[in-house]
Novice: 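Below you will find the structure I want to go over with you.
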Amino acid sequence: MARKRNWIPDQHGAWAMLVVPFLAGTLLAPHPGPQHLLLLAAWLLGYAAVFHAQQWLRLHARRLRSARRHALPALVLGGACAAGAVPLAVLHPWLLLAAAAALPFLAVNTRYAWRGRERALANGLAAVVPACGMALVAARLGGLGPGRAWPAALACLLYFAGTVPYVKTMIRERGSRAYRRGSVAYHAAALALAALLSPWLALPFAAYLARAAALPGRGLRPAAVGTTELACAGGLLAALCLLL
């Protein structure tokens, strides 16, 4: 059982970032269907495969034997991802362009992994962009034009980009005043931009600003921080489905 669990990436915060934009695009689309289930499976399997490939690269670069345990998951999960992605790409060739657009960000993440700096701020922000772009992909797959899908993708980007510095103020940079000020300043700007997308989006983004200002320094455990962010991500999804 332990070996099986090791195949699932332990980056808990990443799962909401992967799923919420996808669901936003799918639920906003006029024609969601089985193709979205196949896309979601390929998307999550692809993330897991890339995670293990990057961990293998990081450990192999340091000639650590523990790199071996990531090789098989990377190959198997990558093959499973391809099994779902190839039929979709045959039916919808434009998906190849979407994948190509994500490659520069994947390259950035891979370089940071190779250098052992996955926790860098820039690396986290680079991961957010293609994840939020999945809202556009899922929406187009369901027949929704970019005019209505872009606001949802941008709202996701504003929220999830903010989680990168905010979570650092709660865990790894909990004592840094500079990080805290930067996080609050970002959330204030995000609130203003979200209100331009839809006045009603000001409500959840005001809550995000409040938590960025009030919660750092409270001594919350990582589990409590994660639970709070799951609730915030769920609130964003609900707002997007109701308001856009």
Side-chain angles (χ1 to χ4, degrees), residues 11-44 47 98 124-125 127-167 169-170 183-184 186-216 218 220-244:
Q11 306 300 306
H12 306 297
W15 294 107
M17 186 175 70
L18 293 169
V19 172
V20 168
F22 174 89
L23 289 178
T26 301
L27 295 175
L28 288 172
H31 305 296
Q35 70 274 17
H36 284 90
L37 295 177
L38 189 58
L39 178 61
L40 178 60
W43 175 233
L44 297 181
Y47 162 72
L125 294 174
V128 167
V129 177
C132 294
M134 184 54 68
L136 300 175
V137 175
R140 177 170 177 178
L141 193 63
L144 185 68
R148 193 172 177 210
W150 272 107
L154 288 174
C156 289
L157 183 62
L158 288 172
Y159 167 67
F160 285 107
T163 65
V164 178
Y166 164 70
V167 170
T169 67
M170 299 297 293
S183 175
V184 172
Y186 171 85
H187 282 84
L191 169 58
L193 292 173
L196 293 177
L197 295 174
S198 169
W200 292 103
L201 281 176
L203 295 176
F205 276 87
Y208 304 152
L209 173 59
R211 67 98 159 79
L215 294 185
R218 299 281 182 175
L220 294 181
R221 294 183 178 181
V225 175
T227 301
T228 301
E229 291 312 293
L230 286 176
C232 288
L236 175 63
L237 179 61
L240 290 173
C241 292
L242 291 172
L243 304 176
L244 294 179

Novice: Please name the pair of heavy atoms, one in Pro204 and one in Ala239, separated by the smallest distance, quoted to 0.1 Å.
Specialist: CG-CB, 4.1 Å

Novice: Can you confirm whether more than 12 heavy atoms, excluding those of Trp15, are under 6.0 Å from its CH2 atom?
Specialist: yes

Novice: So which heavy atom on Leu230 is nearest to which on Ala16, and how close?
Specialist: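 For Leu230 and Ala16, the tightest heavy-atom pair comes out as CD2-CB, 4.0 Å.
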
Novice: Over all heavy atoms of both residues, which pair between Met170 and Leu220 is shortest? Give the atoms and the distance, please.
Specialist: CE-CD1, 3.8 Å

Novice: Between Val184 and Ala213, which heavy-atom pair has the shortest distance, and what is it?
Specialist: CG2-CA, 3.8 Å

Novice: Could you tell me the separation between the CZ atom of Phe160 and the CG atom of Leu236, rounded to the nearest 0.5 Å?
Specialist: 6.5 Å

Novice: Give a yes or no on whether the backbone of Ala138 and the side-chain of His36 come within a donor-acceptor separation of less than 3.5 Å.
Specialist: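 Yes, His36 side chain to Ala138 backbone: donor-acceptor pair under 3.5 Å.
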
Novice: To the nearest 0.5 Å, what is the distance between SG on Cys232 and CG on Leu237?
Specialist: 13.0 Å

Novice: Rounded at 0.5 Å granularity, tell me how far CG in Leu154 sits from CG in Leu136.
Specialist: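 It is 8.0 Å, given to the nearest 0.5 Å.
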
Novice: Is it true that a side-chain atom of Arg211 and a backbone atom of Tyr208 form a donor plus acceptor pair closer than 3.5 Å?
Specialist: yes

Novice: Taking atom CG of Leu196 and atom CG of Leu201, what is their separation to the nearest 0.5 Å?
Specialist: 10.5 Å

Novice: If you measure from CE on Met134 to CG on Leu141, what distance do you get to the nearest 0.5 Å?
Specialist: 9.5 Å

Novice: Side chains of Trp43 and Val19: does their closest heavy-atom pair fall under 4.5 Å?
Specialist: no

Novice: List the atom of Pro151, the atom of Gly147, and the distance in Å for their closest heavy-atom pair.
Specialist: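 So the minimum-distance heavy-atom pair works out to CD-O, 3.5 Å.
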
Novice: Taking the side chain as every heavy atom from C-beta outward, state whether Tyr186 and Leu158 have any atom pair closer than 4.5 Å.
Specialist: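 Touching, per the 4.5 Å side-chain cut-off.
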
Novice: May I have the step-by-step check of side chain to side chain contact (heavy atoms under 4.5 Å, CB included) for Tyr159 and Met17, ending in yes or no?
Specialist: CA-CA 10 Å; Tyr159 167 67; Met17 186 175 70; over 6 Å; no

Novice: Does any part of the side chain of Leu240, heavy atoms only, come nearer than 4.5 Å to the side chain of Cys156, both counted from C-beta?
Specialist: yes

Novice: If we only count heavy atoms from C-beta on, is the Leu193 to Phe205 side-chain gap below 4.5 Å?
Specialist: no

Novice: Does Thr26 reach the main-chain N or O of Leu23 with its side chain, forming a donor-acceptor pair under 3.5 Å?
Specialist: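 No.
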
Novice: Which pair of non-hydrogen atoms, one from Cys241 and one from Leu27, has the smallest distance, and what is that distance?
Specialist: SG-CD1, 3.6 Å

